[in-house]
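For reference, the structure discussed in these notes is given below.
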Amino acid sequence: MRRTSTKAAMPTQLSDQTLARLRELPMAEVAAAMGIILRGSKAMCFNGHDTASPSFTVSKTRNTWKCFGCGEHGDAIALVRKIHGLGFIDACNWLCSHFGVAGSDVPPSRLARSIARPTKPQSVVPSTSVPSNRPDPELYGWLTAHCGPVKASLGINYLQAHGISPELALKFGIVELVNPTKAYLKLEKHWGAERIRAAGLSGSRRALSWYGYALLFPFKSGAATEYLQVRCLESSMKFFGPSGIPKPMFNRERLRQLRKGGLLHICEGVPDAVAMEGAGFAAVAVLGATSFRSEWVEELLPFDLVGVPDGDTAGEKFMKCLANEFRARSKSVRFAIPPEGMDASDVIARGKNA
Ligand SMILES: [Zn+2]
């Protein structure tokens with residue numbers, strides 16, 4: 001079965017040598033690869049408790065990270081586990097694949113093998129400076145334009161379970177990417193490897209940074225696609241966003257069409273916002289408490305705000321973060337809290353499928 005092929009290829013053991021190399025990857029680069037933007041050695045903590053000053057710190061001498069707010073700490077592997085919600089082996093594999101460390105078990109399809117190492121293996125430490133990735137609307141737009149509408153049952157079922165009809169998916173430009181290996185080759189032919197890497201879609205390995213079938217959710221700004229969220233449906237990593245690119249607000253354009261005082265839902269996930277729009281509610285999505293930017297407060301102030309967190313602990317952090325951000329401006333935010341363990345789109349899907 002295609003669905004299990006990725007898993008089957010995973011080794012259950014990594015050599016001590018590979019582990020040591022992963023732990024030597026420069027901490028700042030690992031953090032950047034996961035969208036943590038360091039100022040010097042500090043950043044806002046991914047746990048979302050920071051509102052004013054950053055508590056997440058990287059130690060160059062020890063090559064570790066620690067948060068002085070919540071006390072979490074660890075090495076590169078621990079950070080990938082936290083941020084991508086992966087197990088130990090999967091986190092190691094992600095690092096191997098992203099930084100081109102041998103020992104990765106990325107499914108060795110024939111195509112992948114033929115392009116994987118055209119020259120001698122790259123050094124584990126690509127450079128001393130953090131590569132400066134930047135959003136690439138042209139490339140993101142080209143990629144989504146070369147994917148098709150969601151047709152595979154894997155994708156159709158996912159959308160349906162999240163209350164998103166095929167028509168609604170089309171309206172929001174949600175597409176399916178069936179074969180990342182082929183897609184990478186096409187992208188490389190058209191744009192070159194360096195540009196794909198700078199757009200945050202690949203690491204030092206010449207391959208996209210995710211495996212298997214995935215849905216792409218474009219973040220539109222006018223005709224431009226300023227960001228992509230990848231929902232992986234065949235890999236243990238659920239979501240992927242371009243590495244080193246700050247996450248924008250999803251459906252931000254909606255703010256321009258909404259009258260002052262209009263009801264606006266702030267969801268935690270992209271599928272939630274799409275499902276709410278489908279149900280006739282104005283909605284934007286902010287990808288987790290850590291991605292909320294203080295400059296968005298100003299844009300959101302004119303509206304009647306309802307926060308829609310997931311019914312889990314991350315949802316509680318999201319709620320606290322929103323409440324804090326707006327309290328400073330004496331603005332109250334109401335919350336629509338889904339039953340425990342559910343998110344807004346689950347509730348909408350349940351209503352629809354009932
Ligand atoms: Zn923290």
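Read the numbers this way: they start at 1 and go in the same order the structure lists the ligands and their atoms.
With sequence neighbours left out, H98 forms a side-chain hydrogen bond (donor to acceptor under 3.5 Å, both in side chains) with S209. Among residues two or more places apart in sequence or in another chain, the side-chain hydrogen bond (donor to acceptor under 3.5 Å, both in side chains) test is passed with K82 by E72. For N157, there are no side-chain hydrogen bond (donor to acceptor under 3.5 Å, both in side chains) partners, not counting sequence neighbours.
Under the 4.0 Å criterion applied to side-chain N and carboxylate O atoms, D304 and R334 are assigned as salt-bridge partners.
Around the Zn ion (ligand 1), protein N, O or S atoms at less than 2.8 Å comprise C45 SG, H49 NE2, C67 SG, C70 SG.
The shortest heavy-atom contact between T144 and T225 is OG1-OG1, 4.5 Å.
A cation-pi arrangement is not found for R231 relative to F217, the charged atom failing to lie both closer than 6.0 Å to the ring centre and inside a 45° cone about the ring normal.
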